[in-house]
Amino acid sequence: MVREILIWPDPILKQKARPVARVDDSIRTLVKDMFETMYAADGVGLAAPQVGVLQRVIVLDTRPRQPESQPLAMINPELIALEGKMTYTEGCLSIPGEAEDVDRAAVVTVKFLDPEGQEQTLTCDGLLAIAVQHETDHLNGTVFVDHVSTLKRELIRKRMKRVKASREDRPSV
């Protein structure tokens, strides 16, 4: 099921997500819905808070730009090592039409549970490393515009309020 993606500055996007206590069918359904939602929006990553669920779940699929990668669902992801530095022009499904340069670690190692509840550790680089950091930020109540200047953030906030208002003016189906 495709879920609605919240538009920043929705207050839910500023809240810290809770750890998943048990990986069960409800979490697997959330993961499935999140993949469907991310693909429908043409994204490469999505965090549960972006669909209004304050649980530590992210989905990623960087194959459009990293063909060697695989779709990933990470439950309770924890960044355990950060190496190097790179700047990447990031966008966000909760901040449509906007993109800004953000400094991130070039290589990250992340520990997480997979949809079967098995612990995994993955070291990633390139877009996948960026996406893991971006989506993990969402779980901590941070969006990419929190990494840019106050002026840029306020300009984007005004544009997003217009986007949100135009969405609310649309008749529901």
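In this text, all values refer to a predicted model and were calculated from it rather than measured experimentally. Residue indices begin at 1 and follow the sequence shown.
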- Q50 side chain near T37 side chain, heavy-atom distance below 4.5 Å: no
- Item | Rounded distance (nearest 0.5 Å) linking atom OG1 of T142 with atom NE2 of H147 | 6.0 Å
Could you go through residues 95-106 and list every donor-acceptor pair under 3.5 Å that involves a side-chain atom there, pairing it with any protein atom two or more places apart or in another chain?
from	atom 1	to	atom 2	distance (Å)
E98	OE1	R159	NH2	2.9
E98	OE2	R159	NE	2.6
E100	OE1	K152	NZ	3.2
D101	OD1	T89	OG1	2.5
D103	OD1	T87	OG1	2.5
R104	NE	E90	OE2	2.7
R104	NH1	D137	OD2	2.8
R104	NH2	E90	OE1	3.1
R104	NH2	D137	OD2	3.4

- Rounded to the nearest 0.5 angstrom, the CZ-CH2 distance for F144 and W8 is 8.5 Å
- Partners passing salt bridge (charged side-chain N to carboxylate O under 4.0 Å, His left out) against R65 (at least two apart in sequence or in another chain): none
- Task: Would you indicate whether the side-chain heavy atoms of K161 and R157 approach each other to under 4.5 Å?
- Result: yes
- Nearest-0.5 Å distance, CE of residue M160 to SG of residue C92: 9.5 Å
- Message: Just verifying a value: how many Å separate L54 CG and I12 CD1, rounded to the nearest 0.5 Å?
- Response: 6.0 Å
- Between the NE2 atom in H134 and the CG atom in L46, the distance rounded to the nearest 0.5 Å is 9.0 Å
- Taking all heavy atoms of S94 and all of I5, pick out the closest pair and write down the distance. OG-CG2, 3.7 Å
- Measure from the side-chain N and O atoms of E78 to the backbone N and O of K111, and report whether any donor-acceptor pair falls under 3.5 Å. no
- Message: Using every non-hydrogen atom in the two residues, find where A131 and L60 come nearest and quote the distance to one decimal.
- Response: CB-CD2, 3.6 Å
- What pairs with K14 under side-chain hydrogen bond (donor to acceptor under 3.5 Å, both in side chains), at least two apart in sequence or on another chain? D146
- Query: Any idea which heavy atoms bring H138 and P49 closest together, and the distance?
  - Reply: O-CG, 3.9 Å
- Do you reckon V51 sits in the same ILVMFWY cluster as I58, going by side-chain contacts under 4.5 Å, direct or chained? no
- Query: Hey, quick one: are Y88 and V107 part of the same hydrophobic cluster, counting side-chain heavy atoms closer than 4.5 Å, chains of contacts allowed?
  - Reply: no
- Drop me the distance from M38's CE to R3's CZ, to the nearest 0.5 angstrom. 14.0 Å
- Item | Hydrophobic cluster membership, V31 vs V23, 4.5 Å side-chain cutoff | yes
- Please identify each residue that fulfils ring-ring contact (aromatic ring centres under 6.0 Å, His included) with F35, with sequence neighbours left out. Y39
- Taking side chain as C-beta onward, heavy atoms only, is Q120 less than 4.5 Å from L72? no
- Scanning both residues in full, the closest heavy-atom pair of G45 with L93 reads O-CD1, 3.7 Å
- Item | Whether over 12 other heavy atoms sit under 6.0 Å from D24 CG | yes
- Message: Let me check something: do V59 and F112 share a hydrophobic cluster, defined by ILVMFWY side-chain heavy atoms less than 4.5 Å apart, either directly or through other members?
- Response: no
- When clusters are formed by joining ILVMFWY residues with side-chain heavy atoms under 4.5 Å apart, either directly or through shared neighbours, do L79 and V20 land in the same one? no
- Note on the structure: Minimal heavy-atom distance between M74 and L122, with the atoms involved, is CE-CD2, 4.1 Å
- Query: Is it true that E36 and K32 make a salt bridge, defined as a side-chain N closer than 4.0 Å to a carboxylate O?
  - Reply: yes
- Residues sharing L155's hydrophobic cluster, by side-chain heavy-atom contacts under 4.5 Å among ILVMFWY, directly or via others? L151
- Is a side-chain donor or acceptor of N76 paired with a backbone partner of P19 at a separation under 3.5 angstrom? no
- Message: What I'd like to find out is whether the side chain of L30 reaches to under 4.5 Å of the side chain of V53, using heavy atoms alone.
- Response: yes
- Sequence-distant partners of T123, side-chain hydrogen bond (donor to acceptor under 3.5 Å, both in side chains), two or more places apart: T109
- Of all heavy-atom pairs linking P77 and V110, the shortest is CB-CG2, 3.9 Å
- Message: Can you confirm whether I27 sits close enough to I75 that some side-chain heavy atom of one is under 4.5 Å from a side-chain heavy atom of the other?
- Response: yes
- Message: Less than 4.5 Å apart, side chain to side chain, heavy atoms only: is that true for I130 and M86?
- Response: yes
